[in-house]
Amino acid sequence: IESRLKGLYNEKVMCRTMIHGTLINWRYEGIVLTGESGTGKSTCARRMIADHHACLVADDAIILEKRDNLIYGRPHELTKGLMEIRGRGLVNAGAFFGNGSVADCSRVDMIVRFKGPANSCTETKCRLIDTELPVIEIGVHSDAFIIDKSIENAVKRHFLRGACNA
């Protein structure tokens, strides 16, 4: 119960929480990848970093904080700069992917949740630290091309909404 009280205090008073997932920054958009273990979060992040020039911010444990009505994410100190790669274990992401592939923090603009049947994609919203964020639910074990295109299209829509509201 002490752990739950501490978590509630951090979220409600300190405007901070920790979640399980991977945070990447791609095209200046912070994307949290969530889902059960083994659903492809780290695999998707690795592909986005290697093929689409995203930056890894946090893998496995993401600390989220609310500042000026925006959510920012950073890695837990114990996992900073590290990424789980199936078959290799924990690797230094900067050394593995090269310079510029790791960032210290990022604004969080959307959540991608791996859930549901393969090759499905739906959009919804959720509240995180009293802030509404768009959520894209992508089917577990979806084709890599479908996942990448779904994320790319969601980022484009989010960017266009922001440009229209500016």
Side-chain angles (χ1 to χ4, degrees), residues 3 7 10-11 16-66 70-124 126 128-129 133-159:
S3 159
N10 277 333
E11 185 171 347
R16 180 183 318 143
T17 192
M18 187 167 70
I19 63 170
H20 173 77
T22 302
L23 174 58
I24 59 173
N25 188 288
W26 183 57
R27 296 185 177 178
Y28 305 104
E29 299 285 331
I31 304 166
V32 173
L33 307 170
T34 66
E36 297 294 320
S37 292
T39 55
K41 299 175 297 293
S42 294
T43 301
C44 177
R46 187 179 72 241
R47 201 174 48 252
M48 294 297 290
I49 295 165
D51 298 344
H52 303 285
H53 309 292
C55 290
L56 174 71
V57 179
D59 189 38
D60 194 42
I62 308 167
I63 297 174
L64 300 173
E65 300 171 307
K66 185 173 182 178
L70 297 171
I71 305 288
Y72 289 87
R74 62 180 172 83
H76 188 282
E77 286 302 313
L78 294 175
T79 60
K80 187 175 185 176
L82 301 176
M83 182 176 205
E84 172 76 28
I85 296 187
R86 200 170 299 273
R88 290 189 174 206
L90 282 177
V91 300
N92 178 315
F96 189 81
F97 295 108
N99 291 339
S101 60
V102 178
D104 290 333
C105 71
S106 173
R107 185 183 66 232
V108 174
D109 297 293
M110 70 182 62
I111 297 170
V112 173
R113 184 178 298 139
F114 292 98
K115 176 183 176 182
N119 300 327
S120 65
C121 182
T122 59
E123 289 190 46
T124 184
C126 79
L128 199 56
I129 316 177
L133 291 169
V135 177
I136 298 100
E137 291 186 351
I138 299 175
V140 176
H141 305 297
S142 289
D143 178 82
F145 177 79
I146 291 172
I147 292 171
D148 291 357
K149 276 298 180 193
S150 297
I151 292 172
E152 182 178 350
N153 290 336
V155 167
K156 286 178 183 176
R157 281 191 301 277
H158 187 264
F159 178 78

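Contact record, F97 with R46: CZ-CG, 3.4 Å, taken as the closest heavy-atom pair. When all heavy atoms of I136 and E123 are compared, the closest pair comes out as CG1-CG, 4.2 Å. Between A95 and N92, the shortest heavy-atom contact is N-OD1, 3.0 Å. Of all heavy-atom pairs spanning G94 and S101, the tightest one is CA-OG, 3.7 Å. Summarising the geometry of D104 relative to K80, their closest heavy-atom pair is OD1-CE, 3.5 Å, with the distance given to 0.1 Å. Between I71 and L128 the shortest heavy-atom distance is CD1-O, 3.5 Å.
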Enumerate donor-acceptor pairs with a distance under 3.5 Å from any side-chain N or O in residues 18-26 to protein atoms, sequence neighbours excluded.
{"from": "H20", "atom 1": "ND1", "to": "D60", "atom 2": "O", "distance (Å)": "3.4"}
{"from": "H20", "atom 1": "ND1", "to": "D60", "atom 2": "OD1", "distance (Å)": "3.1"}
{"from": "T22", "atom 1": "OG1", "to": "D59", "atom 2": "OD1", "distance (Å)": "2.6"}
{"from": "N25", "atom 1": "OD1", "to": "Y28", "atom 2": "N", "distance (Å)": "3.4"}
{"from": "N25", "atom 1": "ND2", "to": "S106", "atom 2": "OG", "distance (Å)": "2.7"}
{"from": "W26", "atom 1": "NE1", "to": "H52", "atom 2": "O", "distance (Å)": "2.8"}

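Side-chain contact between L133 and V135 is absent, with no heavy-atom pair separated by less than 4.5 Å. Counting heavy atoms from C-beta on, the side chains of I151 and C44 come closer than 4.5 Å. Side chains of S42 and I85 form no contact here, defined as non-hydrogen atoms less than 4.5 Å apart.
Taking CE of M48 as the reference point, atom CD1 of I147 lies at 10.5 Å (rounded to 0.5 Å). Taken from CG in L56 to CZ in F96, the straight-line distance is 12.0 Å, to the nearest 0.5 Å. Between the OH atom in Y72 and the CG atom in L64 there is a gap of 12.5 Å [rounded to 0.5 Å]. Between E65 atom CD and C105 atom SG the span is 9.0 Å, to the nearest 0.5 Å. Here the CZ atom belonging to R107 is positioned 11.0 Å from the CD1 atom belonging to I31, to the nearest 0.5 angstrom. Distance CG/L82 to NE2/H76: 12.0 Å, rounded to 0.5 Å.
Legend: salt bridge (Lys or Arg N to Asp or Glu O under 4.0 Å) pairs involving residues 31-43, not counting sequence neighbours: none detected.
For CG of N99, the number of neighbouring non-hydrogen atoms (other residues, nucleotides, ligands) closer than 6.0 Å is 12 at most.
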